[in-house]
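A quick write-up on the structure given underneath.
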Amino acid sequence: MNKIILNSNEVPKQYYNINADLPKSLPEFKDSEEGGNLEKLAQIFSKEILKQETSKKRYIKIPKTVRELYQAIGRPTPLFRAKNLEKKLNTPAKIYFKREDTTPTGSHKINSAIPQAHYAKKEGIERLTTETGAGQWGTALSLACTMLKLDCTVYMVKSSFKQKSTRKTLIELYGGTILASPSTKTEYGRKILNKNPEHSGSLGIAISEAIEDALSDEKAYYSLGSLLNHVLLHQTIIGQELKKQLEIVDETPDTMIACVGGGSNFGGSCFPLIKDKLDGKNDCEFIAAEPASCPTLTQGEYRYDYGDTAGLTPKLKMYTLGKDFIPPTLHAGGLRYHGISPQLALLVKEGYIQTRAVLQEEIFQSGKLFAQTEGILAAPESCHAIKIAIDEAKKAKETNTEKTIVFNLSGHGNLDLKGYSDYMAGTLIPNSK
Ligand SMILES: *Cc1c(COP(=O)(O)O)cnc(C)c1O
């Protein structure tokens with residue numbers, strides 16, 4: 001079977017919470033030196049989200065409204081087998097991929113945007129503020145807010161804002177308001193622009209602006225698209241669907257791969273299968289793929305750090321390149337972040353997840369091969385996972401090993417043609433990371 005689908009009524013009824021099963025307990029948030037950051041959390045997040053963040057309950061019920069919206073956007077998403085890619089690589093390995101590119105906003109981000117908007121609405125909130133890097137999260141939250149009748153303000157990293165004007169149109173079409181960050185709307189943005197009017201921004205700065213905005217409006221909450229436990233929790237609908245789909249074709253994966261920015265599509269697709277590994281039910285290896293130019297997992301330090309640049313968030317124990325790290329502008333904008341999910345970090349530290357860094361040239365090469373064999377134009381972010389899947393399939397050929405490789409296709413690249421066209425024209429910066 002090339003395409004494995006589930007019915008609408010098979011959308012999961014619960015989120016899977018890996019906090020219940022982690023091999024060590026997760027280090028708690030720490031307040032900033034001056035204090036006050038922990039308190040701020042209650043002002044910017046809904047009560048339900050904060051409860052989920054620290055919950056140890058293994059399964060958390062998905063509200064009916066949220067489940068219905070998942071069905072409305074076409075979930076469950078299909079699982080495909082990449083037979084043409086297998087043939088092209090002449091590998092004995094089987095390659096499957098979960099298609100989060102099929103959601104209306106083109107990536108997995110909508111899976112967390114919907115519940116976050118739902119919980120805020122239930123608590124009487126009128127507006128959500130957020131940041132976006134490549135634009136996928138901002139797009140998803142704009143749609144979710146419109147679906148749940150909330151306003152949405154998106155701070156988009158200025159370098160992406162300039163590079164990707166189509167994203168701005170999309171966010172506005174879905175009903176959101178978008179500002180290039182650093183912006184003049186917040187004190188923090190103005191401070192940065194005063195020092196350097198040409199500042200190209202970063203995710204860390206955009207987060208600081210969105211939090212400041214939410215703190216100054218009691219009818220607004222802030223919403224984060226990755227990194228935190230509750231976001232990974234929501235994304236576990238991917239992995240739960242995936243497990244069912246693999247059972248249908250009687251497969252247990254030997255290798256699972258996903259790209260990592262903050263860790264949400266990785267956690268979402270892999271945690272339900274990592275649970276099986278922790279329970280001794282599979283012996284799968286898990287590989288996290290990141291850009292060599294923003295090597296949080298492969299070169300960062302495991303320590304406490306802030307989630308944003310201004311230091312408004314509590315400190316999280318994670319791998320980090322430092323909150324002031326400004327990654328170079330790269331086409332996989334969704335992977336330009338200095339930190340990583342604390343849950344994912346713990347599992348990497350404890351040896352349950354391997355990590356690989358990939359060069360920009362290699363991801364487009366893999367994306368081209370994937371487009372020519374499977375017909376799908378993958379997001380540059382997702383191409384990191386494809387690159388590793390191809391490497392693993394080639395290794396299987398060398399050792400003549402039949403194995404099952406599964407990767408998460410986190411999004412499509414139809415709005416990322418600039419990166420592909422630079423690659424095709426040979427104008428990617430040579431040897432760029
Ligand atoms: C945002 C994004 C990512 C990276 O974020 P994670 O939280 O690590 O998943 C990867 N792929 C796509 C398509 C994205 O939109």
Side-chain angles (χ1 to χ4, degrees), residues 77 97-113 116 130-143 154 156-157 160 164 167 170-171 203 206-207 223-239 256-271 286-291 294-297 300 307 318-319 327 330-345 347-348 353 355 358 363 367 370 376-388 407-416 419:
T77 58
F97 58 103
K98 177 73 169 155
R99 293 203 54 185
E100 292 303 302
D101 63 306
T102 61
T103 72
T105 56
S107 83
H108 64 290
K109 296 280 190 339
I110 191 80
N111 302 336
S112 185
Q116 291 198 45
T130 197
E131 70 293 328
T132 198
Q136 280 115 332
W137 169 244
T139 310
L141 194 69
S142 291
L143 174 59
V154 180
M156 184 164 181
V157 178
S160 313
K164 301 187 169 181
R167 278 284 167 190
L170 201 53
I171 287 171
L203 259 188
I207 296 175
S223 191
L224 191 62
S226 185
L227 187 74
L228 294 179
N229 302 345
H230 66 268
V231 184
L232 277 68
L233 174 85
H234 302 151
Q235 294 293 352
T236 59
I237 56 173
I238 304 173
M256 272 212 58
I257 305 153
C259 65
V260 287
S264 76
N265 91 88
F266 185 96
S269 56
C270 294
F271 283 179
F286 298 90
I287 307 175
E290 67 179 5
C294 189
T296 314
L297 285 171
M318 59 184 178
Y319 283 91
L330 73 163
H331 290 293
L335 306 185
R336 291 176 77 231
Y337 182 61
H338 68 273
I340 195 83
S341 145
Q343 291 174 328
L344 188 68
L347 288 163
V348 168
I353 298 169
T355 58
V358 182
I363 65 148
F370 191 65
I376 300 163
L377 193 68
E381 289 85 356
S382 317
C383 289
H384 290 71
I386 297 175
K387 157 75 175 126
I388 303 298
F407 70 87
N408 190 43
L409 184 64
S410 54
H412 70 62
N414 295 353
L415 295 176
D416 298 295

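Just so you know, ligand 1 is whichever comes first in the structure, and atom 1 is the first atom listed for that ligand. If you read the sequence from its start, that first residue is 1, and numbering goes on from there.
At least one N/O-N/O distance between G262 and ligand 1 falls below 3.5 Å. Checked by distance only, ligand 1 and G261 come closer than 3.5 Å through their nitrogen or oxygen atoms. Inclusion of G263 in the set of residues having an N or O under 3.5 Å from an N or O of ligand 1 is warranted. For ligand 1, the polar-atom distance check against S382 finds no nitrogen or oxygen pair separated by under 3.5 Å.
At a threshold of 4.5 Å between non-hydrogen side-chain atoms, the residues R99 and H108 do not count as touching. The shortest distance between side-chain heavy atoms of H234 and I237 does not fall below 4.5 Å. At a threshold of 4.5 Å between non-hydrogen side-chain atoms, the residues L297 and I340 count as touching.
For N265, heavy-atom contacts with ligand 1 shorter than 4.0 Å involve the backbone as well as the side chain. Only side-chain heavy atoms of H108 come within less than 4.0 Å of ligand 1; its backbone N, CA, C and O stay farther off. When non-hydrogen atoms are compared, ligand 1 lies under 4.0 Å from the side chain of L335 (C-beta onward) but not from its backbone.
Taking a cut-off of under 4.0 Å to the non-hydrogen atoms of S107, the atoms of ligand 1 that pass are 13 (C), 15 (O). With ligand atoms numbered from 1 in the order given, ligand 1 contributes 8 (O) to contacts under 4.0 Å with heavy atoms of V260. Set against the non-hydrogen atoms of G411, the atoms of ligand 1 under 4.0 Å away are 13 (C). Atoms of ligand 1 lying under 4.0 Å from at least one heavy atom of S226, given by number and element, are 6 (P), 7 (O). Residue contact check: S410 has heavy atoms under 4.0 Å from atoms 10 (C), 11 (N), 12 (C), 13 (C) of ligand 1. Of all atoms in ligand 1, numbered sequentially from 1 with element shown, those under 4.0 Å from a heavy atom of C259 are 10 (C), 11 (N).
Minimum interatomic distance between L233 and T236 (heavy atoms only, all atoms of both residues): O-OG1, 2.6 Å. Between S107 and Q136, the shortest heavy-atom distance links the atoms OG-CB, 3.8 Å.
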* To do: Let me see the working for F97 and F370 under ring pair (Phe, Tyr, Trp, His ring centres under 6.0 Å), right down to the final yes or no.
  => CA-CA 11 Å; F97 58 103; F370 191 65; 5.1 Å; yes
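A donor-acceptor contact closer than 3.5 angstrom is absent between the side chains of T77 and T102. R167 and S160 are not linked by any side-chain donor-acceptor pair at a separation below 3.5 angstrom, with hydrogens and angles left out of the test. Checked by atom type, the side-chain pair E381/N265 shows no donor-acceptor distance below 3.5 Å.
For atom 14 (C) of ligand 1, the nearest non-hydrogen atom from the set K109, E381, Q235 belongs to K109.
Looking at atom 6 (P) of ligand 1, its nearest protein heavy atom turns out to be S264 N, 3.4 Å. Looking from atom 4 (C) of ligand 1 to the surrounding protein, the closest heavy atom is G334 O, 3.4 Å.
Remark: side-chain polar atoms of S264 are not paired, donor with acceptor, to backbone N or O of S226 under 3.5 angstrom.
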